[in-house]
Every structure is written in C-alpha cells, then in structure tokens.
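I have placed the structure first, in the form of structure tokens, so that the comments after it can refer back to it.
What you are looking at is a predicted structure, and each value in this text was computed from that prediction instead of being measured.
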Amino acid sequence: MLLERSAVPCDRPGETLHPGAEALFEQLGVAKAISEAGFQRHRGCHRVSADGDVYQAYGQDADGPWRGFQVQRSTLDRLLARKARNCGVQVRSGIGAQRVLINSAGRVTGVETAHRRHHARWLVDATGSAGWLKRQLGLTITRCSPQLTAWYGYVDGRPAYCDGDPRLIVEPNGWTWIAPLGNSISAWVRLVINQDRRRPATAPELLAGHPIRGAIRGADVTWKILDSLAGPGFFVAGDAASVLDPASSHGVLRALMTGILAGDSIAKVEQSIVTETSSFLGYEAWLRNTFESDLEALLSLYIEMDLYTDAWKRGSG
C-alpha cells in the first residue's frame, strides 16, 4: 500500500535527471511510458559564470551519446504511480499518516491515519525532506551545510538562447538552474546562500517576459543525512534519508535507487536470504557511501563556483 498525502501529483524541484535514470526506468518497466511522455532529452549542460559559458557533455559509449531527461515531476510521479497500481499496489491519494505504530518490542508495525490503522510488516518512509518518520521516532540527522532553501517555478515558453540543454548560472551568492521541458515550459530553480528562507525568490531575469506558470515555491535543500536509515520494521528512502541540493543532479536518481534497494532488502529478509541486521547494515553502508560520494562532488562544485565560504563552514556540521 502506498499512502500519498497529496490528492494529486505535485511539482517539485529537480527536473533534470542524470542519464543513469534510463537504466532504472528499464528495470522498473516504465521506459516505454517515459519515452511516450515526450520529455526533453539532453546530452549535457552549460555552466555559465563570469568566466564564460562552459559546456559539459555527459559522455558516450558504443550506443552513442548519453542523454539525460528533462521531466515535469508531476507527470513522472503520475507514471510511476500508475505502474505501481498495475503491479498490485493499493495507491491511496489524499491520505497522510498521522502516527507511527510500534509494538511492545519497539518494532514499527504500521501507521495510523485519520480514519484507521494500517498494519504492515514493513514501513518505507519516502516523505521527502520533511522526514515524517524521523520526527515520529525522534531520529537524529547530521547536517553538512547551512540552512538552504531552493525556490523554484515555471514559465511558458523557452528562453531565446535555448538550445535544449539546461544551464547552471553561477551568481555571486548562489546559482540559478534553467531547464527547458518538452512541452513548451521552462523550469527554474534558484538557490541564494544566506537568504531569508521566508522570502521567496523571483523568477530569473533571463526568463523575463515569459508568463509565470503557477506559484513560486520553496523547498528545504539543506545538505543532511539521517543517522539511522533502517531499523526493526522500517527503511527510510529518498530525501527522507538524505538531501543534497538540486545542483548535485542526482536527487531523483538517488530516490529511485534507495526505493529499489529498500524493496530488495525487504524481499531478501522475507525470503530468509539475509538476516534483518545484515539487511540494515548493507542498506546503510550503500546509502552512506553514495551520499558521501555525491557530497564530495557537490562540495567540489561549490568550491569551483567560489560559494564555499567561512560562513558556510560555520553553518554546517
């Protein structure tokens, strides 16, 4: 059973997917649906700064250039939810969990909603950076950056300079990401370091003149990782487990991979292939190693962009 608090799929920051997502879509059986959705494909991205415009291609192999996806997250979520239903999952939209259920031995045994209790052998928390289970169980986190908020939105049309590839525009105190989607919409994300997170950013100047589509929203993208990622009766996946800001470009990839690994770990425990303890250790080791690798790469990017300052160091840890 999948409990989804939102009644309808929502837009979220992070529309640019690394080419590695293609193999995961194949594995999940949604590659054909993703292809038919008409998402924009791209071979790399531009990094624009005072030093000029540097194009970074993803690379290629014998089959040709590697290509990423420019997706509208609400559409991607809808396709994944439809696949889940086809696999027999009960998808309950507009229902949020209110309280975690724990037995006398301290094992998570399900959740309570406004109308009933749902008992389960395993609970996977995929509630994003809000970290519902973290709050319910009193789990702690390790922060690796100051408080960061990414503001994001959409406009109709494409920028005049657009060649189909996204742009990371380096600014004195942050960055802006502009990505054309495949349906005459452009998405943007802006992160301003040390900005009052209660004050929303405005749309980028490069998109001036384009009608704004919907509201400008903010998301907490403080770099952090949960100190306990799995335990008796539960796994934590996606941004509920660890968060890096969208400049890492691996957020959706990491969410898909942690969800797959959590499901695989549960299946192996249920089939008595591994013990619960070894499944927890294996899951945590993989996720921490992946997070630390992405963290190191993102930190290197911030150093290159001259955004890693003494104030940043004092605000993290």
Greater than 12 external heavy atoms within 6.0 Å of Arg121's CZ: no
Near-ring test His42/Phe69, centroid separation under 6.0 angstrom: no
Neighbour count above 12 (heavy atom, 6.0 Å) for Asp306 CG: no
Any pair counted as ring pair (Phe, Tyr, Trp, His ring centres under 6.0 Å), so long as it reaches residues 211-255, sequence neighbours left out: His18-His250, Trp122-Phe235, Trp223-Tyr302, Trp223-Trp312, Phe235-Phe280, Phe235-Tyr283
Donor-acceptor pair between Glu4 and Ser93 side chains, under 3.5 angstrom: no
Audit row: Asp165, Cys45, side chain to side chain contact (heavy atoms under 4.5 Å, CB included) steps and yes/no: CA-CA 5 Å; Asp165 292 322; Cys45 64; 5.6 Å; no
Heavy-atom check, side chain of Val71 versus side chain of Leu17, under 4.5 Å: yes
Backbone N/O of Leu148 and side chain of Thr222: donor-acceptor pair under 3.5 Å: yes
Closest contact, heavy atoms only, Leu226 versus Thr140: CD1-O, 3.6 Å
Backbone N/O of Ala285 and side chain of Asn289: donor-acceptor pair under 3.5 Å: yes
Value rounded to 0.5 Å, distance of OH in Tyr58 from CZ in Arg67: 12.0 Å
Criterion side chain to side chain contact (heavy atoms under 4.5 Å, CB included) on Glu304 and Arg47, from CA distance to verdict: CA-CA 11 Å; Glu304 288 179 24; Arg47 189 194 302 178; 2.7 Å; yes
Gln136 versus Asp125, side-chain donor and acceptor atoms under 3.5 Å: no
Carboxylate-amine/guanidinium contact Arg288 Glu292, below 4.0 Å: no
Close side-chain approach of Glu284 and Ser228, heavy atoms under 4.5 Å: yes
Whether over 12 other heavy atoms sit under 6.0 Å from Arg41 CZ: yes
Under 3.5 Å: donor-acceptor pair, side chain of Asp239, backbone of Val243: no
Non-hydrogen side-chain atoms of Arg254 and Ser242 separated by less than 4.5 Å: yes
In one Ile/Leu/Val/Met/Phe/Trp/Tyr side-chain cluster, 4.5 Å: Val124, Leu24: yes
From CA spacing to verdict: side chain to side chain contact (heavy atoms under 4.5 Å, CB included), Trp175, Met305: CA-CA 9 Å; Trp175 52 261; Met305 296 192 299; 4.1 Å; yes
Asp220 and Thr149 side chains, donor-acceptor separation under 3.5 Å: no
Under 3.5 Å: donor-acceptor pair, side chain of Tyr154, backbone of Ile185: no
Thr290 and Ser293: side chain donor to acceptor below 3.5 Å: no
Single-linkage hydrophobic cluster, 4.5 Å side-chain cutoff, Trp177 and Val170 together: yes
Arg5 side-chain N/O to Thr127 backbone N/O, donor-acceptor pair under 3.5 Å: no
Main-chain N/O of Glu276 paired with Ser279 side-chain donor or acceptor, under 3.5 Å: yes
Check: Val48 and Leu168 side chains under 4.5 Å, non-hydrogen atoms: no
Side-chain heavy-atom pair Glu296, Asp294 within 4.5 angstrom cut-off: no
Donor-acceptor under 3.5 Å (Thr258 side chain, Gly238 main chain): yes
Val221/Leu244 under side chain to side chain contact (heavy atoms under 4.5 Å, CB included): CA gap, chis, key distance, verdict: CA-CA 6 Å; Val221 294; Leu244 291 172; over 6 Å; no
